[in-house]
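Read the structure below first, then the notes.
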Amino acid sequence: MDPEEKHEAEEKTLPELPGAEKGKVVMRLAPYPSGALHIGNARMVVLNDEYVKRYNGKLLLVFDDTIGTTLSKIDDPKAKYVIPEAYDLIPEGLEWLGVKYHEVHYKSDRVEIYQEEAGKLIDKGDAYVCNCEANDFREKYKRPGKDCPCRSKSLEYHQEMYEKMKDGQIEEQGAVVRLKTGMDQKDPAMRDHILMRISDAPHPRIGTKVRLWPVLEWSWGLDDHLLGVTHIVRGIDLRKEGEVEKFIWDLKGWKHAHIGLYGRLKFSGDFKLSKTLARQKVHGGEYEGWSDPRTWSLQSLSARGIQPNAVRKALLDLGMSNRGIEFDKDWIYSKNTKMVDENANRYWFVEKSRPVIINNIPKDSFVAKPLLHPGFPKKGSRKIPLGIKDGSCEVFITEADLSEYKNKKGKILYPQMDKDQIVRFKDMFNVQVEEMGNPIRVNFHSQKMTHNSRKIQVVPKKDSIRVRVLQPDGIVTQGFGEPTLKSLTIGDIIQFERYGYVKIKEISDKEIYGYFTNN
RNA sequence: GCUUCCAUAGUGUAGUGGUCAAGCAUUUGAGGCCCUCACCCUCAGGACUCGGGUUCGAAUCCCGGUGGAAGCACCA
């Protein structure tokens, strides 16, 4: 067997979609434009895109830009509303992921359809205007499964009320249109679900032209049929929505689209995935825009040097299972490392630097020549002069190299640095510790490398450059890097040895600024 | 409380009655390569939630327990 082939990981394949015919599959992406897409949203995107590509189908991008939170509740910190820049951020993220969509629609352009159809339902007695207070409806009628007084009023009354909802005679919260899914439904979630409600909040695209808005179930119940969607793949949190849609399709006598549900991702650790929170911090200026790693937006992953295919594959590996998944960013990171490593040149960087004076160097000058990439010696090496004066020079090492080095299970691989200890300054020479003060003083010991010596990352003070790296948890690591860093280009993905991969964002004479890719 | 859904190593996933003494990824450990604790290579560790059935035979089917998730919004 070809050794290349032998270790190739098995490509995961998604299950077939029921009733899917090549060339006839129509699916849709339905993002709510309240911010940039993040990894959680990306699962929906990647799954739909993957199926459309497999069946050679058509993918619709439908901005689910209904009004969201009503005007009276718009100041709530958890309020959901459309932000104008999201109309650009979303396609930008899709393009980055390599998603091709064939049509673009906006819910906000289609409100008349939802209004008109709701009117028809009222005329047929399948829906009614309800002016119960929300809490009352829930406690007095929904929970016990009893009809509310509005339900049995005359057709004429409901028709008249519906007109009043549209023309402004009824205020926000004053009335809603309910579908007669039935108050006797076993599942309380399904009892007389709302179709339309009033909001006076201004919409970024259409202003206050419309005040009677549909809820998700109603707009999609209509649009999935009207736009010809054959297969829906969405999160299981939208399960009830699918059930309401089916009820609507049956009412209309429409063929059902097939609905596939996948489980929700749970993020823990330094994941703080919230579009709303991201929006607040971006707008408040606390974050460096939507590309800030702390947003976990697709834009931010791009800015960090995460490869879109790493995200795609990691998400596709999860398949279509509908149970809750504790998402581990290592799945993306490990795939990303494999993609990025070959082209990531190596450089020296020490964070939390400590000064070290080297004495008794028996040379007038010394130039370290570490390889740009140990896996590809042909790429050549950097040249880093030490700057020796009278047999002495100053360098920086990282604080972490002072203490003992343990593996992740706690086994000590190297002891704490101490007087008389001999260590290797990588790509330079061996030194013996003279004094563990500040600065630390060491003496040149020997040139030849001994095999198992502790190798320490060193940056010569001469011509060194300040380095800052922003991590996804918001922490900025600072330190000094080797002078050759100045020759990098913005956008380069490099590896700081023993630190991790970094994408360069800004370069000046004094400082390099980068976003942490992964380690 | 009411409706559902799910249950394979630490985290995910493959597996739909015999070919499973359970495959893969990631994580972890040992070693190799190596002037990185990276990459790459080799090896190793680690799982079918429990209890009953059905069956010649169950990770796979049935029932019950337990555990987890989702919904019960004038959000999406």
Side-chain angles (χ1 to χ4, degrees), chain A residues 3 7 9-13 30-32 34 64-70 72-73 76 78-81 130 132-134 137-138 142-145 172-178 185-191 193-199 213 215-217 219-220 235-241 243 261 263-264 266 275 313-314 317-319 321-328 330-335 337-338 340-342 344 346 348 368 370-371 373-376 400 405-409 411 413-414 424-430 449-451 453 455-457 495-501 519:
Chain A
H7 297 292
E10 287 170 12
E11 281 291 320
K12 195 142 298 170
T13 43
Y32 187 66
S34 60
D64 205 351
D65 60 343
T66 51
I67 199 63
T69 305
T70 51
S72 56
K73 292 180 182 167
D76 190 297
K78 286 182 179 172
K80 280 186 185 174
Y81 50 84
C130 171
C132 292
E133 204 266 321
F137 185 83
R138 186 186 332 125
K142 178 184 272 192
R143 284 206 199 281
E172 258 192 18
Q173 316 289 321
V176 293
V177 177
R178 289 187 187 277
Q185 288 270 1
K186 268 169 66 182
D187 182 352
M190 288 295 290
R191 291 173 192 158
H193 206 277
I194 288 175
L195 256 27
M196 307 283 292
R197 69 328 184 330
I198 298 165
S199 172
W213 290 88
V215 295
L216 184 147
E217 293 83 344
S219 67
W220 278 115
I236 198 164
D237 53 320
L238 260 25
R239 191 179 161 282
K240 173 204 67 182
E241 283 67 16
E243 296 306 311
L261 302 171
R264 297 294 283 173
K266 278 181 293 183
K275 260 198 218 175
K313 284 184 180 172
D317 272 356
L318 308 183
S321 91
N322 64 359
R323 60 180 120 138
I325 292 173
E326 206 166 303
F327 190 86
D328 191 338
D330 281 349
W331 300 327
I332 291 178
Y333 285 0
S334 68
K335 284 178 164 53
T337 295
K338 290 170 184 25
V340 143
D341 183 75
E342 184 175 330
R346 272 51 172 173
W348 288 342
L371 291 168
H373 195 309
F376 303 89
Y405 178 69
K406 302 178 192 170
N407 68 13
K408 284 173 188 171
K409 281 263 173 88
K411 184 181 164 189
L413 268 29
Y414 299 111
R424 175 74 174 181
F425 281 178
K426 191 174 166 293
D427 292 294
M428 291 181 183
F429 41 71
N430 308 313
M449 188 185 68
T450 42
H451 202 64
S453 56
K455 286 156 200 128
I456 286 179
Q457 184 77 67
Q495 188 206 59
F496 283 136
E497 291 184 30
R498 298 161 76 192
Y499 175 80
Y501 301 90
N519 45 18

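Chain naming here is simple, since letters A, B, ... match the order of the sequence lines and numbering starts at 1 in each.
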> Could you give the distance from OH (Tyr32(A)) to NZ (Lys80(A)), rounded to the nearest 0.5 Å?
Replying inline: 8.0 Å
>> Taking U11(B) as the reference, what is the distance to C5(B) when you measure between their P atoms (whole Å, please)?
In response: 25 Å
> U19(B) and G57(B): how far apart are their C1' atoms, nearest whole angstrom?
Replying inline: 14 Å
> Distance from Leu216(A) atom CG to Thr66(A) atom OG1, nearest 0.5 Å?
Replying inline: 7.0 Å
> Once you round it to whole Å, what is the distance between C1' of A38(B) and CD1 of Ile456(A)?
Replying inline: 18 Å
> Which distance, rounded to the nearest 0.5 Å, do you find between the CG of Asn519(A) and the OH of Tyr501(A)?
Replying inline: 9.5 Å
> Of all residues at least two apart in sequence or in a different chain, which pass the salt bridge (charged side-chain N to carboxylate O under 4.0 Å, His left out) check with Lys455(A)?
Replying inline: none
> In terms of the nearest nucleotide of RNA chain B, which residue is placed more toward the 5' end: Ile198(A) or Gln457(A)?
Replying inline: Gln457(A)
> Under 30°, 30 to 60°, or over 60°: which ring-plane class applies to Phe425(A) and Phe429(A), parallel, tilted or perpendicular?
Replying inline: tilted
> In whole Å, what is the span from the CD atom of Glu326(A) to the P atom of A7(B)?
Replying inline: 17 Å
>> With a 4.0 Å limit, can you tell me whether Lys338(A) has a side-chain N or O closer than that to the phosphate oxygens OP1/OP2 of U26(B)?
In response: yes
> In Å, rounded to the nearest 0.5 Å, how long is the span from OG1 of Thr69(A) to NZ of Lys78(A)?
Replying inline: 11.5 Å
>> Can you check the distance between U60(B) and A21(B), where both ends of the measurement are the P atom (answer in whole Å)?
In response: 14 Å
> Using atom C1' of each nucleotide, how far apart are U8(B) and U55(B) to the nearest Å?
Replying inline: 22 Å
> What residues form a side chain to side chain contact (heavy atoms under 4.5 Å, CB included) with Pro188(A), not counting sequence neighbours?
Replying inline: Arg191(A)
> How close or far is atom P of C24(B) from atom CG of Asp317(A), stated in whole angstroms?
Replying inline: 14 Å
>> Using atom P in both nucleotides, what's the gap between U13(B) and G32(B) to the nearest angstrom?
In response: 36 Å
> What about Gln495(A): does its side chain form a donor-acceptor pair under 3.5 Å with the base of U36(B)?
Replying inline: yes
> When you check the phosphate oxygens OP1 and OP2 of U36(B), does a side-chain N or O of Arg424(A) lie under 4.0 Å from one of them?
Replying inline: no
>> Using the C1' atom as the point on both nucleotides, what is the distance between A14(B) and A7(B), in whole Å?
In response: 16 Å
> Heavy atoms under 4.0 Å, any strand shown: does Ser199(A) hit a base, just sugar-phosphate, or nothing?
Replying inline: nothing
>> Using whole Å, what does the distance between atom P of nucleotide C40(B) and atom CZ of Arg346(A) come to?
In response: 10 Å
> How would you label the contact of Asp64(A) with the nucleic acid (heavy atoms, under 4.0 Å): base, sugar-phosphate, or nothing?
Replying inline: sugar-phosphate
>> Please report the distance, rounded to the nearest Å, between OH in Tyr501(A) and C1' in U36(B).
In response: 10 Å
> Asn407(A) has an atom CG; how far is it from atom P of U36(B), in whole Å?
Replying inline: 18 Å
>> Does a side-chain N or O of Ser334(A) approach OP1 or OP2 of A25(B) to a distance below 4.0 Å, or not?
In response: no
> Between C74(B), U11(B), C35(B), which nucleotide has the shortest distance from any of its atoms to the side chain of Trp331(A)?
Replying inline: U11(B)
>> Using the salt bridge (charged side-chain N to carboxylate O under 4.0 Å, His left out) criterion, which residues pair with Arg424(A)? Sequence neighbours excluded.
In response: none
> Heavy atoms under 4.0 Å, any strand shown: does Gly68(A) hit a base, just sugar-phosphate, or nothing?
Replying inline: sugar-phosphate
>> Counting the atoms with a prime plus P, OP1 and OP2 as sugar-phosphate, which does Cys132(A) contact under 4.0 Å by heavy atoms, base, sugar-phosphate, or nothing?
In response: base
> Where the side chain of Asp330(A) is concerned, which of U36(B), U26(B), C39(B) is the nearest nucleotide?
Replying inline: U26(B)
> Of the candidate nucleotides G12(B), A76(B), C74(B), which contains the atom at the shortest distance from the side chain of Tyr32(A)?
Replying inline: A76(B)
>> Rounding to an integer number of angstrom, what distance separates C41(B) and C62(B) when you compare their C1' atoms?
In response: 48 Å
> Between Asp341(A) (CG) and U36(B) (P), how many Å, whole number?
Replying inline: 13 Å
> Just by protein heavy atoms under 4.0 Å, how would nucleotides 65-73 of chain B read 5' to 3' in B, S and -?
Replying inline: -----SBBS
> Which part of the nucleic acid, if any, lies within contact of Thr337(A), taking any heavy atom under 4.0 Å across all strands shown: a base, the sugar-phosphate backbone alone, or nothing?
Replying inline: sugar-phosphate
> OP1, OP2 of U13(B) versus side-chain N and O of Ser321(A): anything below 4.0 Å?
Replying inline: yes
> How many Å lie between CG on Leu318(A) and P on C6(B), as a whole number?
Replying inline: 18 Å
> Heavy atoms, side chains only, cut-off 4.5 Å: are Trp213(A) and Thr70(A) in contact?
Replying inline: no
>> Under 4.0 Å, heavy atoms only, any strand: does Leu216(A) hit a base, just the sugar-phosphate, or nothing?
In response: base
>> Going by the rule salt bridge (charged side-chain N to carboxylate O under 4.0 Å, His left out), which residues pair with Lys426(A) if we only count those two or more places apart in sequence or in a different chain?
In response: Glu497(A)
> Salt bridge between Lys335(A) and Asp317(A), side-chain N to carboxylate O under 4.0 Å?
Replying inline: yes
> Under 4.0 Å between a side-chain N or O of Lys78(A) and OP1 or OP2 of C75(B)?
Replying inline: no
>> I need the Ile325(A) CD1 to Lys266(A) NZ distance, nearest 0.5 Å.
In response: 9.5 Å
>> Of the listed nucleotides (C75(B), U3(B), U36(B)), which one gets closest to any side-chain atom of Lys186(A)?
In response: U3(B)
> U16(B) and G1(B): how far apart are their P atoms, nearest whole angstrom?
Replying inline: 38 Å
>> Only Watson-Crick and G-U wobble pairs with both distances less than 3.5 Å should count. Give RNA chain B in dot-bracket notation, marking inter-strand partners with |.
In response: (((((((..((((....[....)))).(((((.......)))))....(((((..]....))))))))))))....
